[in-house]
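Accompanying notes for the structure given below.
These values consider heavy atoms only, across backbone and side chains, with no hydrogens, waters or symmetry-generated copies.
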Amino acid sequence: MTEKNGTEFKSNFIYTMIKEDLGKGLLGDKPIHTRFPPEPNGYLHIGHAKAILLNYAIARDFNGKFNLRFDDTNPIKEEQEFVDSIIADIRWLGADWEDRLFFSSDYFEIKYEFALRLVKAGRAYVCDLNQEEIRQYRGTLTEPGVESPYRGRPVEENLDLFKRMRDGEFPTGSRVLRAKIDMASGNLNMRDPVLYRILHASHHRTGDKWSIYPMYDFDHPFSDALEGITHSLCSIEYTDHRPLYDWIVENAVELMPEVVKFHSHQTEFARLNMTHTVMSKRKLRRLVEEGYVDGWDDPRMPTIAGLRRRGVTAEAIADFQERVGVSRAESTVDLALLDHCIRQKLETKAPRRMVVLDPLKVVITNWTAGKTENVKMENIPGDESAGYREVPFSGEIYIERDDFMEDPPKKFFRLAPGREVRLKSAYIIRCEEVIKDGDGNVTELRCTYDLLSKSGSDRSGKKVKGVIHWVSTEHAARVTVNLYDNLFVVENPEEDDEKDFISHINPQSLIVCRNVLAEPSILEATPGNRYQFLRKGYFYLDPQPSNKDVPVFNRIVALRDSWARKKK
RNA sequence: UGGGGCGUAGCCAAGCGGUAAGGCACGGGACUUUGGCUCCCGCAUGCGUAGGUUCGAAUCCUACCGCCCCAGCCA
C-alpha cells in the first residue's frame, strides 16, 4: 500500500465494485472514467465537495480519468456566473479535469439525432397533452397510469412534429417528446417519461439556437455514454431513475453505434449532511437573500467559497471526505469531525502568534520604568526550521480577561490574587493587587515579576502550572478579529417541519472584535497566511476585508479547550 | 394500500459463514513554557426485532418493525 494509491486501504462499496469490475475484465482496456456533473444554477457546498473528491480520487487511484461536465439543459435556471464560481471552487479543491471540461449543451445536436432515431424506431412520440393532463394520465403511486391518446401517433407524424418543435413552430410548453415505455410500471419514472420540452428561452452557451431542450433523464445517461464514463456516481434519490438510465444507454448503444460504444452504469451513494448547518440550495439561498449572512462566501456558510474565505484548507476538506467514507445509508456527520481535520492539518503548519482578544491590563510594579526587553519565541513548537521571532516585553502588558479569576475554583491554574503564572516565553509574575472601578469591575492587575524566572534560563526554582499569553501595551498592533461559530444552535435545524429553520440561527455565529491587541509581528501577515493565535485558535487573514486599513482575521476554528469543557 | 432504498456504539463506518476494524465524540491517565499537540487506557457478550438454517450467523432464510425517496415539461 502506498500513500498515493488509495485502492488498498479505502474500503467502501464503490472501490470494491470497481476492483471487481476490473478483476472481471468488464472494461477491457478502457480506463476507469468518472465525472462530476454540476448544474450551473448555484454555488457548490461541502456536500458537493464529497462528490467531487470521490469522483476525482477514484480516477486518480485507478489511473483513470475525471471529467467536469456541466449539466446545462435548463436555460431558465442556469447562468455563466455559476459556471465560473463552480470552476473556481473545483480547481481550488484540487480535482483536476485536465483538458476535459465539457458542457451537456455541447452535445445538443447529437442528442437531437439520437432522439430522431428513437422516434424512427417507434420508441418515442410527440405528445400534445398539456402539463396538467400528463400529470393526470401518469396515475398515482398506487394506481397505474393511462396511455396518452397520442401514444400511437405514426412515426412520420412524430418525426414531422418533433422537427417542427425544434424549428420553433410551437409555443413553450405546448408539446413534448416522450419515451414509449410502460404506463403501468410501479416506477413512475418509466411511465413514458418526457425526453424533450419546448422552451423558447435563451441559453447561456447556445443562445437562441434551440427552442427544445432535453430533460435530465434523457440527457445525462447519453452524455455519460458519449464521454465513455464507466462509473456514473450520483446520490441515492436517483436510484429510481436507474432503470431509465439503462433504457437510454441501451438504446444509445443500439441506435447510435457510431458514437456510443460503452454502456455506462449508474451507482448511487448517500449525500453528505452535517450537523449545525443546512445544505439545501433553497435554504442556503434564503440565508443569503434574507440577509442572515453576508453572501454565498460568508465564512459561516457551508459553501466551498465560504469555507475558503474562512480559511479552511482544501487539504482538510479532502481529509474530511476520506474519513467520512462512502455508503448508501443516510447520514449526518458531526461538524466536530471537520473541525478535527482542519486543526490537524494546521497544527504543524501554522506559525504561532500572541493575540489578546479581551484585554485586561497588567502593570508589573518592579519592572524598570520604560524598559523594553525582546523575548525569543518559537514560531512552531517542535519545528526548528520554522524559526524564531523576537517579541517585545515591557512593564505594562495585556492578558486575556478570562486568564484571571478573583475567586478561582480549585483546578484553576491561571492568575488569581496572590498566585503565580508564567507569561509565555517571558517571566513568572505574581498577582499582588486587584484594581476595580466604581462598579466593582476589575480594571487592572498589579503584579511583580521574578527576575530569575526568565524563560530559557530559569533559576527561580519555581514550578507554575499555568502559562498564559500576553501583549506589551506599548508595542501592540491593533487588528480586527471575526470569531465565527456554528450558524445554527441545534444539531439539525431541519428536524422540525413545523418550525422555520431560521429560528435556530445562532445569534452569536459572528462576534466581531475590534481593536484587538496583537504582538507587532502580526503586521507582517500577507494574504493567504494562517496563524495559530496561542491558546485561542487558528486564524486566517481575510482576503477581502471591508476596511483595508486594519488587518482582519477570521477564526477558522477554535483550539480544543478541555478547561472550558471541564467548567460545564 | 404501488415502486425503490436504508437500519452495526452518541456520530460516521469496515465487515460478505469462523466468533464485532478504524475515525470523530466522550471518560481517565502520562507529558507539556499553548488547559494546544503527542502518547497510553477505556468505550457494542452486541450488529432494528423475532424466529429459523448451521458445529458456528452482523453475514444465509422467513416474518415483522422503523426511517428515507418517488406522482416537475427541475437536476
Nearest-neighbour nucleotide for the A:Glu237 side chain, B:U33, B:C69, B:G2 considered: B:C69

Aromatic plane relationship, A:Tyr531 with A:Phe553 - under 30° parallel, 30 to 60° tilted, over 60° perpendicular: perpendicular

Gap in Å between the two C1' atoms, one belonging to B:A25 and one to B:C67, rounded: 24 Å

Sugar-phosphate, base or nothing in reach of A:Met190, heavy atoms under 4.0 Å: nothing

Polar side chain donor-acceptor pair, A:Asp192 to A:Tyr125, under 3.5 angstrom: yes

Check: A:Arg164 and A:Val126 side chains under 4.5 Å, non-hydrogen atoms: no

Heavy-atom donor-acceptor pair, A:Ser455 side-chain to B:U33 base, under 3.5 Å: yes

Check: A:Glu143 side chain, B:G2 base, donor-acceptor under 3.5 Å: no

Residue A:Leu141, side-chain atoms from C-beta onward, closest of B:A13, B:C70, B:C74: B:C70

Touch class at under 4.0 angstrom, heavy-atom based, for A:Glu330 against every strand present: sugar-phosphate

A:Arg197 vs B:A75: side-chain N/O to OP1/OP2 distance below 4.0 Å: yes

From B:U33, B:A71, B:G35, nucleotide with atom closest to A:Lys566 side chain: B:G35

Parallel, tilted or perpendicular: ring planes of A:Phe539 versus A:Phe533, cut at 30 and 60 degrees: parallel

base_contact_polar (B:G35 base, A:Asp561 side chain, donor-acceptor, <3.5 Å): no

Selected nucleotide, minimal atom distance to A:His241 side chain, candidates B:C69, B:A75, B:A13: B:A75

Presence of A:Ser11 side-chain N/O under 4.0 Å of B:A13 phosphate oxygens OP1/OP2: no

Near-parallel close stack of A:Tyr216 and B:A75 base (under 5.5 Å, under 30°): no

Given B:G36, B:A14, B:C73, the nucleotide with the shortest approach to the side chain of A:Val176: B:C73

Distance-only side-chain donor-acceptor flag, A:Gln266 / A:Tyr245, under 3.5 Å: no

Euclidean distance for P, B:G46 against B:C64 (whole angstrom): 26 Å

Sugar-phosphate, base or nothing in reach of A:Pro381, heavy atoms under 4.0 Å: base

Selection from B:U33, B:C73, B:C26 that lies nearest to any side-chain heavy atom of A:Ser425: B:U33

Close side-chain approach of A:Ser457 and A:Leu452, heavy atoms under 4.5 Å: no

Among B:C24, B:G15, B:C73, the nucleotide that comes nearest once only the side chain of A:Thr16 is considered: B:G15

Per A:Asn74 side chain, nearest of listed nucleotides B:C12, B:G36, B:A75: B:A75

Face-on cation placement of A:Arg422 at A:Tyr427 ring, 6.0 Å and 45° thresholds: no

Touch class at under 4.0 angstrom, heavy-atom based, for A:Gln532 against every strand present: base

Separation of atom CG in A:Asp240 from atom P in B:C68, rounded to whole Å: 16 Å

Phosphate OP1/OP2 of B:C37: any A:Arg560 side-chain N/O under 4.0 Å: yes

N or O in side chain of A:Arg535 less than 4.0 angstrom from B:U32 OP1/OP2: no

Nearest listed nucleotide, side chain of A:Glu39, among B:G23, B:A75, B:C70: B:A75

A:Val194 side-chain proximity, nearest of B:C73, B:G15, B:C70: B:C73

A:Ser562 side-chain N/O to B:G36 phosphate OP1/OP2 under 4.0 Å: yes

Which residue lies more 5' along RNA chain B, comparing A:Thr332 with A:Val326 via nearest heavy atoms: A:Thr332

Contact under 4.0 Å: A:Thr239 side-chain N or O vs B:C69 OP1/OP2: no

Side chain to side chain donor-acceptor pair (under 3.5 Å) evaluation trace for A:Asp219 with A:Tyr107: CA-CA 9 Å; A:Asp219 184 274; A:Tyr107 318 135; over 6 Å; no

From CA spacing to verdict: side chain to side chain donor-acceptor pair (under 3.5 Å), A:Ser223, A:Lys111: CA-CA 9 Å; A:Ser223 295; A:Lys111 277 172 209 163; 3.0 Å; yes

Under-4.0 Å side-chain N/O to phosphate OP1/OP2 contact, A:Arg565 with B:C26: yes

Pair A:Asn187-A:Ser185, side-chain donor/acceptor within less than 3.5 Å: no

Residue whose closest nucleotide on RNA chain B lies nearer the 5' end, A:Lys77 versus A:Thr140: A:Thr140

Base-paired stems in RNA chain B, each at least three Watson-Crick or G-U pairs under 3.5 Å: B:2-7 with B:65-70, B:10-12 with B:22-24, B:26-30 with B:38-42, B:48-52 with B:60-64

Sugar-phosphate, base or nothing in reach of A:Tyr238, heavy atoms under 4.0 Å: base

Anti/syn call for B:G17, syn if |chi| within 90°: anti

Sugar-phosphate only, base, or nothing, as touched by A:Asp458 at under 4.0 Å among non-hydrogen atoms: nothing

Sugar-phosphate only, base, or nothing, as touched by A:Arg191 at under 4.0 Å among non-hydrogen atoms: nothing

Sugar-phosphate only, base, or nothing, as touched by A:Thr73 at under 4.0 Å among non-hydrogen atoms: sugar-phosphate

